[in-house]
2 protein chains.
Amino acid sequence: MEKPRTRKVARELQIQTIKATARRLLDQRGASELSLREVAREMNQTSSALYRYFANRDELLTALILDAYNDLGASTEDAEAVVARSNRRERWLVATRTIRRWALQHPHEYALVYGSPIPGYHAPVETIVAATRVTNVLGRIINDHFQEHPTAFDPSSEKRVAEFFELENLRFFMPNVPAEMLVKGIGAWTQVFGFVSFELFGHYENSVRDFEAYFDEVVTRLGHDVGIF
Amino acid sequence: MEKPRTRKVARELQIQTIKATARRLLDQRGASELSLREVAREMNQTSSALYRYFANRDELLTALILDAYNDLGASTEDAEAVVARSNRRERWLVATRTIRRWALQHPHEYALVYGSPIPGYHAPVETIVAATRVTNVLGRIINDHFQEHPTAFDPSSEKRVAEFFELENLRFFMPNVPAEMLVKGIGAWTQVFGFVSFELFGHYENSVRDFEAYFDEVVTRLGHDVGIF
DNA sequence: ACAAAAAGAGAGCAGTGCTCTTGCTTTTTG
DNA sequence: CAAAAAGCAAGAGCACTGCTCTCTTTTTGT
């Protein structure tokens, strides 16, 4: 074990170790079976010692949720960043495939984040920011298209959509996307995660044979729907 | 003289009471907080007594899952059955709205069924049957349309789709729907539940202002997509 | 060098799922 | 119709959990 230089560093290191250990156990057992005592045992420590770093189990879970959002977000950003900005089709495919692949590789973390929320748990602000990252990747691809192919906003559509959307928020990330396409965009976002959840949680059993192929099919259609290729 | 079977009746009644009590607590606390001991306490009984009726906590949860599927299925069937069979648009709207309303009225039961699955839990066969009910309502509406407006199956589409779908299974409930529309149908199904999950689990926060209106918008578009109106 | 702050250990409380034994009641059967 | 079998409830108990409290050890700033 390396000797940490300062207490602050040691503390940060300890927090990382706890989270890493917890993540390891999470991947084996799932969120509801994650036990603070087992994390401590795994680290050759007392459970009470962990309470110096996380006030309770929920706080640890929140930290894991935050990490999961950021990991998924960063993975998607990185994967998509490699593709030429003008190649909208490939960007869309790469981004959505990365989301699915990440979910399959981290099923319990995906479930933690996109499955049923912990009862009584309310997402703190930082979580919301982290949660936005994946979504923004998809949004940026769509927006880039309409930035390059400017489309006039239809006032009546704008007005109608503004009644059920938080238009200001959506336009913060997709300023060039007309209302009509915002609706389709949010729909595509919903469907991508709906797909992944259905696949992961077993609802496609007896319906889908080749998930990979069907996912590509769906995602290609969605790309057409939102008008980016 | 009929031989007395009060014991059998009593047993069934007891099972129903346990489930009802559990459901009540579930609605208050959520699945992961549901405690067998608390159910027993609520019934003025010992926890060990409950083990005569359910071998373990998971078995009780499975029973609740089964009931939830059937309740959602029956609600949707009943609501849709009232509408004239020829009025496809209304049937579609009523069915999908019923699904959403049921979810909002029974959030914890919805989460139990469509949220993250219990770790290590594998759905028994009866569950699969019950799970099919809602889906079949949607499928039947689509199929009814293509039964009335027969559409030739495009062999190349059929072949392509058969590679990722379990076509035999899907055609069992939707024999008249061409492959192309099966893809869109499954997509619509995914999107409806993706929407409800996103709404219920808080992922539409900051994006959607009026869920009711947006849901109608989405569901109307889906109806057009699958070609039934 | 020393007091203050931080961290860990250990005991303990209340809660959980689940098992086993012990009596009691109902049903089945010889 | 009584005896045997089966069903049911209760209570004690085990191993686990989250979490708190107190006490001891280690580290740090002055």
Side-chain angles (χ1 to χ4, degrees), chain A residues 1-26 28-65 108 112 118-121, chain B residues 1-26 28-65 108 112 118-121:
Chain A
M1 196 66 94
E2 200 165 333
K3 171 170 86 177
R5 296 189 58 191
T6 80
R7 200 144 222 178
K8 206 137 201 187
V9 170
R11 184 177 179 81
E12 190 51 41
L13 197 133
Q14 184 76 332
I15 288 179
Q16 292 305 328
T17 308
I18 295 172
K19 289 200 293 186
T21 310
R23 202 155 22 230
R24 235 184 54 229
L25 296 176
L26 184 73
Q28 294 169 16
R29 288 161 172 68
S32 70
E33 312 263 282
L34 180 65
S35 139
L36 263 175
R37 285 181 115 111
E38 193 176 6
V39 173
R41 230 177 289 130
E42 207 77 8
M43 297 173 61
N44 293 314
Q45 276 205 320
T46 333
S47 70
S48 58
L50 297 199
Y51 283 85
R52 300 256 172 223
Y53 304 93
F54 296 95
N56 50 45
R57 190 175 171 275
D58 269 13
E59 207 170 271
L60 173 57
L61 281 178
T62 302
L64 293 179
I65 288 176
H108 287 112
L112 189 64
I118 314 298
Y121 165 81
Chain B
M1 273 289 190
E2 277 292 351
K3 58 182 171 179
R5 27 169 199 170
T6 77
R7 195 144 228 178
K8 223 166 193 150
V9 170
R11 182 177 179 83
E12 190 51 40
L13 198 133
Q14 183 78 332
I15 287 179
Q16 292 305 328
T17 308
I18 295 172
K19 289 200 292 186
T21 310
R23 201 153 25 228
R24 236 184 51 229
L25 296 176
L26 186 72
Q28 294 169 16
R29 288 163 172 69
S32 69
E33 313 263 282
L34 180 65
S35 139
L36 263 175
R37 285 180 116 110
E38 193 176 6
V39 173
R41 228 177 290 132
E42 206 77 9
M43 298 174 61
N44 293 315
Q45 275 205 320
T46 334
S47 69
S48 59
L50 298 199
Y51 285 84
R52 299 251 165 222
Y53 305 93
F54 297 95
N56 50 45
R57 191 174 170 277
D58 269 14
E59 207 171 272
L60 173 57
L61 280 178
T62 302
L64 292 179
I65 288 176
H108 287 112
L112 189 65
I118 315 299
Y121 166 81

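Numbers restart at 1 for each chain; the letters A, B, ... are given by sequence-line order, proteins then strands.
- Remark: the A/Arg37 side chain and the D/dG18 base include a donor-acceptor N/O pair separated by less than 3.5 Å.
- Distances from the side chain of A/Glu38 to the nucleotides D/dT17, D/dG7, C/dA7 place D/dT17 closest.
- Using a 4.5 Å cut-off on side-chain heavy atoms (C-beta onward), B/Thr62 and B/Phe54 make no contact.
- Taking side-chain N and O atoms only, B/Arg11 has no distance below 4.0 Å to OP1 or OP2 of D/dG7.
- When the P atom of D/dT27 is taken as reference, atom CD of A/Gln14 falls 13 Å away, rounded to whole Å.
- Figure legend. C/dT16 is base-paired to D/dA15; pairs are counted as Watson-Crick or G-U wobble with both atom distances under 3.5 Å.
- Rounded to a whole Å, the CG atom of B/Leu36 is 5 Å from the P atom of C/dG17.
- With rounding to whole Å, A/Arg57 atom CZ is found 15 Å from C/dT16 atom P.
- Distances were taken from every side-chain heavy atom of A/Arg7 (C-beta onward) to each of C/dA7, C/dG17, D/dC8; the shortest belongs to C/dA7.
- Minimum heavy-atom separation, B/Gln14 to B/Gln45: NE2-OE1, 3.1 Å.
- Here the side chain of A/Arg57 pairs a donor or acceptor atom with the backbone of A/Leu34 at under 3.5 angstrom.
- Contacts of residues 43-56 of chain B with DNA chain D (heavy atom under 4.0 Å): B/Gln45, B/Thr46, B/Ser48, B/Ala49, B/Arg52, B/Tyr53.
- In this structure, A/Glu33 and A/Glu38 have side chains that are not in contact, with every pair of non-hydrogen atoms separated by 4.5 Å or more.
- As rounded to whole Å, 16 Å separates atom P of D/dG7 from atom CD of B/Glu12.
- Counting heavy atoms from C-beta on, the side chains of B/His108 and B/Gln28 never come closer than 4.5 Å.
- If you measure from atom CD of B/Glu59 to atom P of C/dC18, you get 10 Å, rounded to the nearest angstrom.
- Rounded to an integer number of Å, the gap from A/Leu25 CG to D/dC16 P is 15 Å.
- Judged purely by atom type and a 3.5 angstrom limit, A/Glu59 uses its side chain to pair as donor or acceptor with the backbone of A/Ala55.
- Distance NZ (A/Lys8) to C1' (D/dT26): 19 Å, rounded to an integer number of Å.
- Among the nucleotides D/dC8, D/dC16, C/dG17, the one closest to any side-chain atom of A/Arg41 is D/dC16.
- Remark: P of D/dT17 and CD of A/Glu42 are 12 Å apart, rounded to the nearest angstrom.
- A donor-acceptor pair is defined here as one N or O able to donate and one able to accept, closer than 3.5 Å; such a pair exists between the side chain of A/Ser35 and the backbone of A/Arg37.
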